[in-house]
Amino acid sequence: LGCPVPIVVDGHPLDLDLPRHLSRPSSGVVQVERSDPACTGEMWFASEAPRSEAIRLMRDGVQVDHNPVDLCGAPVTGYLRCDALRLDASQSSVMEDATWQAVVDALRDGVRRLVRNALSNGNEPPDSRTLRLARELVSGPKGLLADIPLFDDLRGQLWSLKALADAPR
């Protein structure tokens, strides 16, 4: 899955459509991109709360193991392809270096944009997921969204509800 090159077995192409295999919805998808290192992917809210890490990391078209990424409890799923990720001696697990940290930052930025988009979906009536997010936001610095930096100040610094609550007045 995730391989950009078509693979044919006995004259039949393998179904390598990763977004379809991950039940990608038709809307509410955020593109996750970074230029240095080059990474591309997509994320969206999971239809049910994932029991474990739900972001698939791909390198050279192959899924690689990695330590769980702290996405502040956001119930998201998706995939990210970054061929610059370095692998350990087993050639199956990601090494946690500067490239790994850039990937984590890109994923966290994707979560931030996903939550912002869901909470500001314009004139459409809010769906149950948006109402749930709004309720969590209103619940303050102890809620699910407390650690996600959603608010930016005039300097462009991002703040979470928890950081705002702890900030000096």
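Each residue takes its place number in the sequence, starting with 1.
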Spell out, as yes or no, whether a donor-acceptor pair under 3.5 Å connects the side chain of [X] to the backbone of [Y].
X: Arg155; Y: Gln157; value: no
X: Ser92; Y: Val64; value: no
X: Ser160; Y: Ala163; value: yes
X: Asp83; Y: Arg59; value: no
X: Arg86; Y: Met95; value: no

Original post:
Can you list the steps and then say if Leu158 with Arg112 is a side chain to side chain contact (heavy atoms under 4.5 Å, CB included)?
Top reply: CA-CA 10 Å; Leu158 291 168; Arg112 217 177 354 265; 3.4 Å; yes
Original post:
Would you call Arg113 and Asp109 a salt bridge, taking side-chain N to carboxylate O under 4.0 Å as the test?
Top reply: yes
Original post:
Which atom pair, heavy atoms only, marks the closest approach of Met43 to Gly110?
Top reply: SD-C, 3.4 Å
Subject >> Glu42 vs Arg24, side chain to side chain contact (heavy atoms under 4.5 Å, CB included): CA-CA, chis, key distance, verdict >> reply: CA-CA 9 Å; Glu42 298 177 321; Arg24 179 190 185 276; 2.8 Å; yes
Subject >> Residues Thr40, Val32; criterion side chain to side chain contact (heavy atoms under 4.5 Å, CB included); working and verdict >> reply: CA-CA 6 Å; Thr40 59; Val32 180; over 6 Å; no
Subject >> Side chains of Asp97 and Gln101, donor plus acceptor under 3.5 Å >> reply: no
Original post:
Can you list the residues that meet the ring pair (Phe, Tyr, Trp, His ring centres under 6.0 Å) rule with Trp100, with sequence neighbours excluded?
Top reply: His66
